[in-house]
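Just so it is clear, the values below take in all heavy atoms, side chains as well, and ignore hydrogens, waters and symmetry mates. Quick note: residue numbers are just sequence positions, from 1.
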Amino acid sequence: QVQLAESGGGLVQAGGSLRLSCAASGRSFSSYEMAWFRQAPGKEREFVEGISRTGGIITYADSVKGRFTISRDNAKNTLYLQMNSLKPEDTAVYYCAAGAVLSKRDEDYDVWGQGTQVTVSS
């Protein structure tokens, strides 16, 4: 089973950018559908973006359309989330997840990282 570790979170001003990474170790990163989710204080975890095994299919939440970009490098066993034009409402803990199905539902993902905090100040 693959193990996941996020990095790249931090504090940024509104309008700024951050790039999150999710390093995978273990077996067969390229065999997993991957996604980013986030959870803000007092709110449920929500889907951000997802990417298919080969990167050919991408799904995203309307709230991040045109601002966030998911990508993956199967040779480096790494998933990325480029976040531009950040807003205070993007403040959350961001998680990467691996599963057998490309889905917007967190219950469809079997493996989760520990999360990385993103804080956007106004």
Side-chain angles (χ1 to χ4, degrees):
Q1 188 176 9
V2 69
Q3 293 85 42
L4 305 174
E6 302 93 338
S7 62
L11 174 64
V12 64
Q13 289 187 332
S17 298
L18 280 175
R19 188 194 196 200
L20 304 184
S21 297
C22 172
S25 59
R27 299 181 61 183
S28 304
F29 171 73
S30 61
S31 68
Y32 288 91
E33 312 282 22
M34 298 295 299
W36 288 98
F37 287 78
R38 65 186 182 186
Q39 187 167 21
K43 295 186 177 181
E44 293 187 352
R45 186 162 55 190
E46 65 173 358
F47 173 81
V48 177
E49 292 208 28
I51 188 168
S52 62
R53 293 175 178 83
T54 61
I57 300 173
I58 290 174
T59 60
Y60 50 84
D62 288 342
S63 59
V64 304
K65 180 180 179 181
R67 299 190 300 122
F68 291 10
T69 303
I70 191 172
S71 61
R72 66 190 296 167
D73 186 336
N74 287 342
K76 295 183 178 179
N77 289 347
T78 305
L79 176 73
Y80 302 99
L81 184 67
Q82 178 66 45
M83 304 187 295
N84 299 327
S85 302
L86 282 160
K87 305 175 181 179
E89 52 264 43
D90 294 319
T91 294
V93 177
Y94 283 71
Y95 299 90
C96 61
V101 178
L102 184 59
S103 166
K104 295 184 178 182
R105 305 188 313 165
D106 58 3
E107 56 262 43
D108 288 330
Y109 293 87
D110 306 307
V111 184
W112 293 80
Q114 82 287 351
T116 185
Q117 176 70 47
V118 172
T119 303
V120 184
S121 63
S122 57

Measuring only between side-chain heavy atoms, which start at C-beta, is [X] closer than 4.5 Å to [Y]?
| X | Y | result |
| --- | --- | --- |
| I58 | E49 | yes |
| V120 | V118 | yes |
| S30 | R53 | no |
| K104 | E46 | no |
| R45 | R38 | no |
| C22 | W36 | yes |
| Y32 | I51 | no |
| L20 | M83 | yes |

Please go through I57's hydrophobic cluster and name the other residues, only I, L, V, M, F, W, Y counting, with side-chain heavy atoms under 4.5 Å joining them.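 F37, F47, V93, Y95, L102, Y109, W112, which link up through side-chain heavy atoms under 4.5 Å apart, make up the rest of the cluster.
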Determine whether the side chains of Q117 and T119 contain a donor N or O and an acceptor N or O closer than 3.5 Å.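 Yes, a side-chain donor-acceptor pair sits under 3.5 Å.
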Taking atom types as modelled, find out whether D108 and S103 have a side-chain donor-acceptor pair closer than 3.5 angstrom.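 The answer is yes; a qualifying pair exists.
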What heavy-atom pair brings [X] and [Y] nearest, and what distance separates the two atoms?
| X | Y | value |
| --- | --- | --- |
| A14 | S122 | CB-CA, 4.4 Å |
| A98 | V2 | CB-CG1, 4.1 Å |
| L4 | A24 | CD2-CB, 3.8 Å |
| G99 | D110 | CA-OD2, 4.1 Å |
| V101 | E33 | C-CG, 3.6 Å |

Carefully, step by step, assess L81 and F68 under the rule side chain to side chain contact (heavy atoms under 4.5 Å, CB included). CA-CA 7 Å; L81 184 67; F68 291 10; 4.2 Å; yes
Side-chain donor/acceptor of Q114 to backbone N/O of E6, under 3.5 Å: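 Judged by distance alone, yes, a pair lies under 3.5 Å.
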Is there a donor-acceptor pair closer than 3.5 Å between any side-chain N or O of T78 and the backbone N or O of K76?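 Present.
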Take atom CD in E44; do more than 12 heavy atoms of anything else shown fall under 6.0 Å from it?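 12 or below, so no.
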Between K65 and D62, is there a side-chain N and carboxylate O pair less than 4.0 Å apart?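 No salt bridge links K65 with D62.
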Checking R72 against F29 for the side chain to side chain contact (heavy atoms under 4.5 Å, CB included) test, could you report, in this order, the C-alpha distance in whole Å, the side-chain angles of both residues, the deciding distance, and whether it holds? CA-CA 10 Å; R72 66 190 296 167; F29 171 73; 3.6 Å; yes
Quick check: is I70 connected to M34 through a chain of hydrophobic side chains (ILVMFWY, heavy atoms under 4.5 Å apart)?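 Yes, same cluster.
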Taking a hydrophobic cluster as the set of Ile, Leu, Val, Met, Phe, Trp and Tyr residues connected by side-chain heavy atoms closer than 4.5 Å, whether directly or through intermediates, do V64 and L86 fall within one such cluster?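 Shared cluster, yes.
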Sorted by first residue and then second, give each side-chain hydrogen bond (donor to acceptor under 3.5 Å, both in side chains) pair with at least one member in residues 11-25; sequence neighbours left out.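 Of all non-adjacent pairs touching residues 11-25, those that pass side-chain hydrogen bond (donor to acceptor under 3.5 Å, both in side chains) are Q3-S25, S17-N84.
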Stepwise side chain to side chain contact (heavy atoms under 4.5 Å, CB included) check, T69 with Y60: CA-CA 9 Å; T69 303; Y60 50 84; over 6 Å; no
